[in-house]
Amino acid sequence: MTTIHLRTVADSNYGLYIYNPMKQHPFIFSDERKYRIQRHLVFWFIWWFSMGILYSFIAINEASAYRARLSASFAEALVYLAVHMFLSYSLMYFVLPRYLLKQKYLLTTIWVIALFFITAFFSSILSITVIEWVRNSILDPSFIDPRRTVHVNIFLSLMAGLRGAITIGGLACTIKLMKYWYMKEQRNLQLQKENVEAQLQLLKAQVHPHFLFNTLNNIYAYTQNTSATASSLVMGLSDMLRYMLYECNQPLVPLQKELKMLEDYIMLEKIRYDNKLDIHIDLPQKADNIFIAPLVLLPFVENCFKHGASHMLDQPWISLTITLSETKMEMKLINGKPEAGKTIQTKTNGIGIINARKRLDLLYLSKHELRINNEEDIFVVDLKLELERRTFSAAIAQPSIAYNYA
């Protein structure tokens, strides 16, 4: 079992500082190229040196013979290093990520056994070719056993190669898996920390909407008897805020609520123009069990007011028509544009349409068609969406928070 050590320090906001192994011990855990190269060089140097020491003990009894054998054993270990590296990297970067970590255990077993025997085979080939040449070049003939035939050499080399393959392969995979599981557990701890902080931030943020809605509730109560227009405006604003704050965190919302939010937004905008704005709205009356991604339509309507009606000095106008056929929705949005020389200068460069395009590409990649015509005197948005028909419980995972403004 891996033991996780956490170090905590005071935080200016709240929460814990979680020990980061990649920063505290970069040589072991960092994925930077220089540290990875250093780790691998150290590992293979230790393995080569250890094998050189162990090989020097084979069939050697006298101290003088051991000293003579030592130089040859280091050379042999260096030759075997090639097949050991082949096996280790094949297991670590091919078998483990592609099969073991994806829980394909049968294929993992087949590949491991196959690689072990392939490595043992190459080791035996090296043993009866390169290694024999190294021994004959370095060792005195008296140290070489004349009773070892080619067949004996092949068998012994195959067994030795298999033993070495199992040893180095198991060691390399053990280190790789230990590092993988340790880093995975550290990431889980970090996610838990971030989740706790997010929940605390949410609780903190909820103070402000409650205060806002309570204030709007009081304003609505005061204006109900003094100004019907002001009262309806407060109600529309509160409905929009409640929808954006509490319901738009779901992946899908009822289309009827999205259309109601558009109506509230248009109603609030109309107040700015008194009776100067000519607006035509045609929305579907029924959209039972039809769901849409929240706030997909609003940027286009908002764009009409920001860059269309608000720039026109004379007779601003907007036409919004939304039709629904089964789950296919079409929105036709047209707004007038000011004539040359008759514009109200603003500093707004709006990126709403650009962001709206990106959202549609992400949410409705192959289920939408958007055409925008920016003509001389009108701006036309033609949007077609393939929506979803669902039950309310299937689309909405959490209940929305309702407030009574009556």
Side-chain angles (χ1 to χ4, degrees), residues 36-37 39-101 104-178:
R36 295 182 65 186
I37 293 176
R39 281 199 304 268
H40 288 237
L41 289 176
V42 170
F43 174 82
W44 289 116
F45 175 80
I46 294 174
W47 175 255
W48 167 77
F49 187 81
S50 302
M51 289 299 99
I53 297 295
L54 292 176
Y55 289 159
S56 64
F57 283 99
I58 298 176
I60 299 299
N61 297 320
E62 299 179 3
S64 59
Y66 173 75
R67 287 193 296 270
R69 178 82 174 101
L70 188 61
S71 58
S73 66
F74 277 120
E76 292 175 18
L78 188 62
V79 173
Y80 284 128
L81 201 62
V83 291
H84 291 166
M85 293 176 69
F86 160 75
L87 173 65
S88 300
Y89 289 125
S90 297
L91 291 174
M92 289 190 297
Y93 297 107
F94 177 72
V95 177
L96 292 186
R98 290 198 177 189
Y99 299 106
L100 181 62
L101 297 181
K104 299 178 180 179
Y105 301 120
L106 179 59
L107 290 174
T108 300
T109 304
I110 294 174
W111 271 107
V112 168
I113 294 175
L115 286 172
F116 278 164
F117 278 99
I118 291 172
T119 303
F121 172 76
F122 282 118
S123 295
S124 64
I125 296 298
L126 290 175
S127 178
I128 62 177
T129 55
V130 181
I131 299 299
E132 283 295 323
W133 178 81
V134 170
R135 288 173 181 169
N136 294 329
S137 301
I138 298 178
L139 292 176
D140 188 274
S142 61
F143 294 135
I144 302 175
D145 189 356
R147 295 172 298 176
R148 295 179 62 181
T149 64
V150 174
H151 296 290
V152 174
N153 280 346
I154 293 176
F155 176 76
L156 293 178
S157 300
L158 187 62
M159 293 299 101
L162 186 60
R163 182 182 63 234
I166 293 174
T167 303
I168 185 60
L171 180 62
C173 289
T174 299
I175 295 174
K176 186 71 174 178
L177 286 175
M178 287 178 63

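For W111, the CH2 atom counts as loosely surrounded, since its 6.0 Å shell holds 12 or fewer non-hydrogen atoms of other residues, nucleotides or ligands.
Side-chain contact between F43 and L171 is present, with at least one heavy-atom pair separated by less than 4.5 Å.
Atom CD1 in I113 sits 10.0 Å away from atom CD1 in I166 (nearest 0.5 Å). Interatomic distance, L107 CG to R98 CZ, rounded to the nearest 0.5 Å: 12.0 Å. Rounding to the nearest 0.5 angstrom, the gap separating the CE atom in M85 from the CD1 atom in I168 is 10.0 Å.
The two atoms that bring H84 and W44 nearest to each other are O-CH2, 3.6 Å, heavy atoms only. Summarising the geometry of A77 relative to M51, their closest heavy-atom pair is CB-CB, 3.9 Å, with the distance given to 0.1 Å. The nearest pair of heavy atoms linking I118 to F86 is CG2-CE2, 4.0 Å. Scanning both residues, L96 and C173, for their nearest heavy atoms gives CD1-SG, 4.2 Å. Across all non-hydrogen atoms, the minimal contact from T119 to V83 is CG2-O, 3.8 Å. Looking at every heavy atom in both residues, L91 comes nearest to G169 through CD1-CA, 3.7 Å.
S124 places a side-chain N or O within donor-acceptor distance of the main-chain N or O of F121, the cut-off being under 3.5 Å.
The ring pair (Phe, Tyr, Trp, His ring centres under 6.0 Å) test applied to F45 returns W48, not counting sequence neighbours. Applying the side chain to side chain contact (heavy atoms under 4.5 Å, CB included) test to T108 and every residue at least two apart in sequence or in another chain returns V95, Y99, L100, V112.
Within the 6.0 Å centre-distance limit, the rings of F49 and F74 are counted as a close aromatic pair.
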